[in-house]
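To keep things clear, I will list the structure first and then write my remarks on it.
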Protein chains: 2
Amino acid sequence: MTVDDAPGFAARGSARDLLRLVATGAAESRADLARLSGLSPSTVSQRVETLIGDGWLREVGEGKSRGGRRPRHLEIPGDGGVIGAIDLGAHHARVATLDLSGHVIASKSMAVEVHDGPEPVLGKLLAAVTELVGSGTGAALRGIGVGVPGPVEHSAGRIVSPSRMPGWNGFDVYRFCTDRVEVPIAVDNDANLMALGEHRSARADLDHAVYVKAGTGIGAGVISGGQLYRGAQGSAGDISHCRVVSADPAPLCSCGNTGCLEAVASGAALVQALAERGIPVTSPADVMRLVDHGDPHATAIVRSAGRYIGEILSVVVNFFNPQAVFIGGLLADCEPLLASMRASLYERCLPLATQTLLIERLSTGVDAGILGAAQLIIDRIIES
Amino acid sequence: MTVDDAPGFAARGSARDLLRLVATGAAESRADLARLSGLSPSTVSQRVETLIGDGWLREVGEGKSRGGRRPRHLEIPGDGGVIGAIDLGAHHARVATLDLSGHVIASKSMAVEVHDGPEPVLGKLLAAVTELVGSGTGAALRGIGVGVPGPVEHSAGRIVSPSRMPGWNGFDVYRFCTDRVEVPIAVDNDANLMALGEHRSARADLDHAVYVKAGTGIGAGVISGGQLYRGAQGSAGDISHCRVVSADPAPLCSCGNTGCLEAVASGAALVQALAERGIPVTSPADVMRLVDHGDPHATAIVRSAGRYIGEILSVVVNFFNPQAVFIGGLLADCEPLLASMRASLYERCLPLATQTLLIERLSTGVDAGILGAAQLIIDRIIES
DNA sequence: CCCTCTTCCTCCAGCAATCGAACGAAGTTC
DNA sequence: GAACTTCGTTCGATTGCTGGAGGAAGAGGG
């Protein structure tokens with residue numbers, strides 16, 4: 001009512017927040033930090049002092065005067081350590097090293113098959129990360145963030161009943177990694193990491209947003225109150241098995257139900273549907289290529305996928321009333337899909353919920369997942 | 001990762017929280033408060049002192065010894081003031097007075113028709129509240145909480161594009177009330193207030209829960225992180241116009257779309273559907289009576305309503321992953337509806353999301369709305 | 001060149017919230 | 001009646017922050 005509603009800004013001012021302001025380039029000096037964080041100059045000064053003492057920040061030269069004393073530039077030291085990131089997909093993975101400000105130093109995509117099972121896949125990826133670290137400047141590895149394409153019990157780092165990861169059920173990714181590498185490990189769902197990465201790196205001003213990952217599978221990550229929202233069991237955002245087609249004959253899903261979103265709109269589903277019509281595709285990337293070449297069947301099927309995703313998202317948008325919906329993953333690059341998803345959302349949501357709703361592609365693209373993985377580690381190691 | 005995830009408890013310890021512990025009967029002494037709030041005994045003592053000074057608490061006699069010194073009982077004074085509450089429905093309203101601990105002193109149901117327009121309806125209800133206050137102990141009125149069956153811009157107290165409240169669009173309920181009564185006024189959606197009331201009064205331990213109100217219309221309130229979640233525009237929880245039936249011919253909704261949840265599962269929709277089959281019903285209450293009497297048509301239609309609600313809720317549960325789903329409103333008393341809603345949820349949700357999910361009727365019943373209205377006012381006036 | 005004004009940053013006193021430890025008050029138990 | 005519990009208060013100590021004074025360093029005007 002009128003007066004004293006919560007200000008909407010999350011409480012900015014923790015050591016993490018100050019660091020992020022420097023990392024994103026929003027602040028370059030103590031004065032900047034004071035202005036942006038709302039803290040008093042004295043508080044900022046003393047916080048910065050401890051951050052410098054702990055190696056999180058460094059003074060480096062001076063900036064331009066704005067009519068008075070020159071500000072002393074702050075930056076996050078490049079030699080303060082590197083963070084490893086793994087973003088595992090169904091058919092390929094992306095590994096990277098990032099600096100403490102969350103910027104990518106080196107990255108690499110590689111073909112892996114999730115159904116080869118956890119040990120060989122994770123072993124290969126950990127090796128790739130250590131190789132990237134080794135070929136770098138020699139800065140110490142501070143931790144590794146891991147994203148996997150299935151439900152993760154985040155607090156334990158274990159995989160729980162994934163439908164697209166045969167052989168991974170109950171596998172303890174956290175333990176597997178900590179047994180092999182002696183640094184902090186954080187494991188989460190790929191969609192959650194995508195959400196975290198895009199949010200922190202591109203639109204940290206949003207309080208409530210939904211990030212849909214449409215690749216071989218379909219998932220979503222949720223930001224609520226400026227933070228990653230996980231829900232009661234940590235499965236929040238998992239819209240892959242929402243039923244979208246009630247008519248028979250509805251496609252059978254790997255989860256045993258029929259008409260799941262994943263069974264009609266995921267990359268895997270599109271491949272299967274086209275293959276059944278005799279069109280030779282073996283991967284979602286093939287489908288995207290066909291669409292780019294103007295193949296009518298592929299375009300039609302991609303359009304309907306967008307409609308289906310929009311159908312489920314319309315419920316999500318009405319219920320959650322976010323400020324923005326982002327779409328990422330392989331299928332996000334496909335204009336027809338985005339268009340039909342938008343149409344479906346605008347058609348079926350409350351006008352109140354869509355009047356200022358942003359519906360966009362990820363701005364961080366394929367890097368979102370590894371950016372999020374790094375953020376997870378930064379959050380972990382920054383306090384103490 | 002294993003270790004330092006957030007504790008899940010919301011920060012307990014504000015003056016509000018202490019008061020609530022006393023109000024709900026969970027704590028009766030300073031020692032209880034210290035144990036339950038996690039604060040140190042000294043902090044509790046001094047907080048309690050100021051609360052007593054401000055008239056929010058009172059010492060009253062001593063309790064039984066538990067092997068040592070007897071605790072001094074604390075209670076919320078009955079003469080500290082009363083709170084007015086209005087819970088407006090489409091065809092009837094409930095007004096009440098409550099004490100500062102949020103317990104109902106007196107309540108009254110009355111027939112009103114929302115389509116008579118805002119001035120006459122609100123005028124009548126405000127009069128009813130002041131009458132209830134007048135017939136009480138003479139304690140001062142501290143504020144009035146108002147719930148209305150449509151979207152409310154909570155920060156302004158104004159109604160925005162309600163589909164079931166002709167003539168109310170844009171009406172400033174807040175101003176109308178403050179112009180007539182010189183006490184704090186708080187306005188919110190009826191489903192939000194139902195959620196707030198049930199959560200605070202019955203299950204304040206839940207962090208994430210969804211409260212569905214199924215009456216003449218259909219709405220939902222959301223608790224996230226122990227707090228009422230409103231979303232970006234304040235329309236969170238509004239699932240009434242989610243499309244649920246893709247088959248033709250889908251019923252036309254008052255919003256102009258077809259197949260909305262409200263058009264197939266609300267009380268109004270059930271009345272219309274039965275009337276079209278020549279069964280003489282004029283209100284949702286009639287439908288409930290028919291179901292109680294075992295009328296097969298009414299039971300069948302109520303079952304399908306439960307299934308439709310469950311269908312939308314399954315998306316909500318997958319996405320939001322709450323600990324509990326509660327159902328309230330007139331239709332909630334109907335066992336077949338609850339049963340088919342449960343079936344639909346269990347069938348279509350991730351096992352992970354439903355394995356510990358509570359699906360229940362409101363425990364505070366018809367009072368939930370006025371309980372929530374009082375909580376809104378308590379929140380407003382308690383600080384200062 | 002000097003004086004004034006601005007900006008950046010630090011130092012210091014002080015406030016507010018909380019805690020821990022010590023202690024007094026009041027009871028129970030054996 | 002001595003020992004042990006429980007309840008509540010008092011009294012520093014700590015923590016986190018703020019505001020103000022003021023020093024450092026520069027811009028600009030006469």
Side-chain angles (χ1 to χ4, degrees), chain A residues 4 7 9-22 25-54 56-76 382-384, chain B residues 4 7 9-22 25-54 56-76 382-384:
Chain A
D4 55 359
F9 292 133
R12 310 261 151 104
S14 72
R16 239 207 298 269
D17 294 326
L18 294 188
L19 219 47
R20 197 168 311 137
L21 286 170
V22 177
E28 296 192 316
S29 66
R30 294 168 176 80
D32 287 347
L33 286 173
R35 273 188 294 267
L36 293 171
S37 69
L39 294 173
S40 71
S42 36
T43 309
V44 169
S45 247
Q46 94 187 20
R47 261 222 217 301
V48 165
E49 196 176 357
T50 76
L51 283 172
I52 289 177
D54 293 350
W56 284 104
L57 276 180
R58 184 166 58 186
E59 269 188 4
V60 47
E62 298 188 328
K64 259 217 306 247
S65 165
R66 305 197 305 169
R69 175 177 175 174
R70 281 193 292 254
R72 284 187 259 165
H73 265 187
L74 299 172
E75 67 166 28
I76 295 179
I382 194 163
E383 323 279 6
S384 105
Chain B
D4 56 359
F9 291 133
R12 311 262 150 108
S14 72
R16 236 204 305 263
D17 293 325
L18 294 188
L19 221 46
R20 196 169 309 139
L21 287 169
V22 177
E28 297 191 315
S29 67
R30 292 168 178 78
D32 287 348
L33 286 173
R35 274 188 294 268
L36 293 170
S37 69
L39 293 175
S40 71
S42 39
T43 309
V44 169
S45 247
Q46 97 187 19
R47 258 220 218 304
V48 165
E49 195 175 358
T50 75
L51 283 172
I52 289 177
D54 293 350
W56 283 104
L57 276 179
R58 184 165 58 188
E59 268 189 3
V60 47
E62 298 189 329
K64 260 216 301 244
S65 164
R66 303 196 307 168
R69 174 178 173 175
R70 281 193 291 254
R72 282 189 259 164
H73 264 187
L74 298 171
E75 67 166 29
I76 295 179
I382 194 164
E383 323 278 7
S384 105

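Lettering follows sequence order; numbering is per chain, from 1. What you are looking at is a predicted structure, and each value in this text was computed from that prediction instead of being measured.
Atom CG in Leu18(A) sits roughly 13 Å away from atom P in dC9(C) (whole-Å rounding). As rounded to whole Å, 15 Å separates atom P of dC17(D) from atom CD of Glu49(A). When rounded to the nearest whole Å, the span between NZ of Lys64(A) and C1' of dC8(C) equals 17 Å. The interatomic distance linking Arg47(A) (CZ) with dC9(C) (C1') rounds to 17 Å, in whole Å.
Each of Pro41(A) and Glu59(B) lies near DNA chain D, and the nucleotide nearest Glu59(B) is the one positioned closer to the 5' end.
For residues 60-69 of chain A, the set of pairs meeting the salt bridge (charged side-chain N to carboxylate O under 4.0 Å, His left out) definition, not counting sequence neighbours, comprises Glu62(A)-Arg70(A).
Qualifying salt bridge (Lys or Arg N to Asp or Glu O under 4.0 Å) partners for Glu75(A), counting only residues two or more places apart in sequence or in other chains: Arg58(A). With sequence neighbours excluded, the residues satisfying side chain to side chain donor-acceptor pair (under 3.5 Å) with Ser40(A) are Ser42(A), Thr43(A). Evaluation of the side chain to side chain donor-acceptor pair (under 3.5 Å) rule for Gln46(A) yields no partner, not counting sequence neighbours. In this view, Arg35(A) and Asp32(A) satisfy the salt bridge (Lys or Arg N to Asp or Glu O under 4.0 Å) rule, not counting sequence neighbours.
Side-chain nitrogen and oxygen atoms of Arg30(B) include none within less than 4.0 Å of the OP1 or OP2 phosphate oxygen of dT6(D).
Checked for salt-bridge contact, Glu28(A) and Arg72(A) miss the test: no charged N lies under 4.0 Å from a carboxylate O.
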Starting at the 5' end of nucleotides 19-28 of chain C, put B wherever the base has a protein heavy atom under 4.0 Å, S where only the sugar-phosphate does, and a dash everywhere else.
-> BB---BBBBS
